[in-house]
Amino acid sequence: MKHIRIAIDGPSGAGKSTLARSIAAKLGYVYVDTGAIYRTISCYMLEQGIDPTDEKAVVAALPQAKVEIRYGEDGLQHMLLNGADVTERIRRPEVSGCASVVSAYPDVRAHLLEMQRQMASADNVVMDGRDIGTVVLPDAEIKVFLTASAQERARRRTLELEQRGTPQSYETTLREIEERDWNDTHRATAPLRQAADAVMLDTTQLDFQASEEALLRIIQERSGT
């Protein structure tokens, strides 16, 4: 029996993870947050004092960073780094900045590519990231490019950080998002772009419920259900 793979790509702060996780739960699919995998690698580099801009040092350290994904009783994806749960730690702003740099390295992407593909081959999955529909799962049955204006993404991210107890100004958040957009779309390896056969969903004017309903409609239309 062939598995259904739903690839959701889009820029930082577009709500990919939240929507993909919710959709996966509703469909009974496995949710895979690939951004969390890169964040976990970045977390390791920061904790080891490795300069993320030193590509050779980052690549050399990859074998020492054992990344695992586990699903807890809460049904959520938990990231383990060398046996320790770093699910909360990887959401810190400094890890986000590091991930933007580290994820651009070809050797880092190649190192994690097969891991992602193996996960998608085992179950029906909803996988989100930057290059799922273009590189990781180019033959995915359903592809969606989820986006929103930089200003709206910064507003949402600022609120999220405040709720997590790590507040940051809107201006700083917007600047970081614009820098991340530039890095993601201009990197040489697997740049962020909409796959030719992906459906674009702009959630700038939509709240979570409306975004979720729109995403479900796209999936139903594309799957013929």
- [ ] Evaluate the side-chain proximity of Val102 to Ile41: yes if any heavy-atom separation is below 4.5 Å, no if none is.
- [x] yes
Open item on the list: With salt bridge (Lys or Arg N to Asp or Glu O under 4.0 Å) as the criterion, how do Asp131 and Arg193 come out once you've worked through the C-alpha distance, each side chain's angles and the decisive distance to 0.1 Å?
Closed with: CA-CA 7 Å; Asp131 63 345; Arg193 61 182 175 82; over 6 Å; no
TODO: Answer whether the closest heavy-atom distance between the side chains of Leu80 and Val67 falls below 4.5 Å.
DONE: no
Open item on the list: For Glu160, is there an ion pair with Arg157 - N to carboxylate O distance below 4.0 angstrom?
Closed with: yes
- [ ] Output yes when a side-chain donor or acceptor of Thr40 lies under 3.5 Å from a complementary backbone atom of Ala36, and no otherwise.
- [x] yes
Open item on the list: Any non-hydrogen side-chain atom of Ile23 less than 4.5 Å from a side-chain atom of Tyr31?
Closed with: no
Open item on the list: Would you say Tyr44 and Asn82 are linked by a side-chain donor-acceptor pair, where the criterion is simply a distance under 3.5 Å?
Closed with: no
Open item on the list: Exactly one of Lys16, Arg39, Arg91, Arg21 should register a salt bridge (Lys or Arg N to Asp or Glu O under 4.0 Å) with Asp33. Which one does?
Closed with: Arg91
Task: N/O donor-acceptor pair under 3.5 Å between Asp9 side chain and Ile132 backbone - done: yes
Open item on the list: Taking the side chain as everything from C-beta on, heavy atoms only, tell me whether Ser103 gets closer than 4.5 Å to Val108.
Closed with: no
Open item on the list: Before you tell me yes or no, could you show the steps for Val136 and Arg117 under side-chain contact (heavy atoms from CB on, under 4.5 Å), namely the whole-Å CA-CA distance, both residues' side-chain angles and the distance that decides it to 0.1 Å?
Closed with: CA-CA 7 Å; Val136 181; Arg117 285 180 172 167; 4.2 Å; yes
- [ ] Could you tell me whether the side chain of Asn124 and the main chain of Tyr29 form a donor-acceptor pair under 3.5 Å?
- [x] no
Open item on the list: Quiz question: by atom type and distance under 3.5 Å, do the side chains of Thr147 and Asp202 form a donor-acceptor pair?
Closed with: no
Open item on the list: Is any side-chain heavy atom of Val144 closer than 4.5 Å to one of Leu215?
Closed with: yes
TODO: Assess the side chains of Gln48 and Gln64: does a donor N or O sit below 3.5 Å from an acceptor N or O?
DONE: no
Task: Short side-chain to backbone donor-acceptor contact, Glu152 and Arg156, under 3.5 Å - done: no
- [ ] Grab the two heavy atoms, one from Asp139 and one from Arg5, that are nearest each other, plus how far apart they are.
- [x] O-NH2, 3.0 Å
Open item on the list: With side-chain contact (heavy atoms from CB on, under 4.5 Å) as the criterion, how do Gln194 and Met200 come out once you've worked through the C-alpha distance, each side chain's angles and the decisive distance to 0.1 Å?
Closed with: CA-CA 8 Å; Gln194 180 179 347; Met200 178 180 283; 3.1 Å; yes
TODO: For the residue pair Ile69 and His78, establish whether any side-chain heavy-atom pair is separated by less than 4.5 Å.
DONE: no
TODO: Report yes or no: does Gln116 contribute a side-chain atom to a donor-acceptor pair with the main-chain N or O of Leu112 at less than 3.5 Å?
DONE: yes
- [ ] Show your working on side chain to side chain donor-acceptor pair (under 3.5 Å) between Arg153 and Thr203 and close with a plain yes or no.
- [x] CA-CA 10 Å; Arg153 287 184 280 132; Thr203 68; over 6 Å; no
TODO: Answer yes if Val199 and Leu19 sit in the same cluster of Ile, Leu, Val, Met, Phe, Trp and Tyr residues linked by side chain heavy atoms under 4.5 Å apart, and no otherwise.
DONE: yes
Task: Over all atoms of both residues, closest heavy-atom pair of Ser12 and Asp181 - done: N-OD1, 4.2 Å
TODO: Taking the side chain as every heavy atom from C-beta outward, state whether Arg180 and Arg175 have any pair of such atoms under 4.5 Å apart.
DONE: no
Task: Donor-acceptor under 3.5 Å (Lys143 side chain, Ala7 main chain) - done: no
Task: Side-chain (Asp207) to main-chain (Ala210) donor-acceptor, under 3.5 angstrom - done: yes
Open item on the list: Between Arg70 and Glu68 (salt bridge meaning N to carboxylate O under 4.0 Å), is one present in this structure?
Closed with: yes
TODO: Please check if Leu192 and Met127 belong to a single hydrophobic cluster, counting links between Ile, Leu, Val, Met, Phe, Trp and Tyr side chain heavy atoms closer than 4.5 Å.
DONE: no
Open item on the list: So does Glu94 get a backbone contact from the side chain of Arg92, meaning a donor-acceptor N/O pair under 3.5 Å?
Closed with: no
Open item on the list: Using modelled atom types and a 3.5 Å cut-off, is there a donor and acceptor pairing between side-chain atoms of His111 and backbone atoms of Asp107?
Closed with: no
TODO: Provide the closest heavy-atom pair for Ile50 versus Ala61 in the form atom of the first, atom of the second, distance.
DONE: CD1-CB, 3.5 Å
- [ ] Please report the C-alpha distance between Phe145 and Ile8 in whole Å, then the side-chain angles of each, then the deciding distance to 0.1 Å, and finally whether the side-chain contact (heavy atoms from CB on, under 4.5 Å) criterion is met.
- [x] CA-CA 6 Å; Phe145 191 82; Ile8 301 178; over 6 Å; no
Open item on the list: Looking at every heavy atom in both His3 and Ser121, which two are closest together, and how far apart are they?
Closed with: ND1-O, 3.2 Å
Open item on the list: Quick check: do Met119 and Thr34 have side-chain heavy atoms less than 4.5 Å from each other?
Closed with: no
Open item on the list: Quick check: closest heavy atoms across Tyr71 and Val30, and the distance to 0.1 Å?
Closed with: OH-CG1, 3.6 Å
Open item on the list: Run the side-chain contact (heavy atoms from CB on, under 4.5 Å) test on Asp184 and Ser100 for me, step by step, so that the C-alpha distance in whole Å, both residues' side-chain angles and the decisive distance to 0.1 Å come before the verdict.
Closed with: CA-CA 7 Å; Asp184 289 344; Ser100 180; 4.2 Å; yes
- [ ] Please confirm whether the backbone N or O of Thr18 pairs with a side-chain atom of Ser22, one donor and one acceptor, at under 3.5 Å?
- [x] no
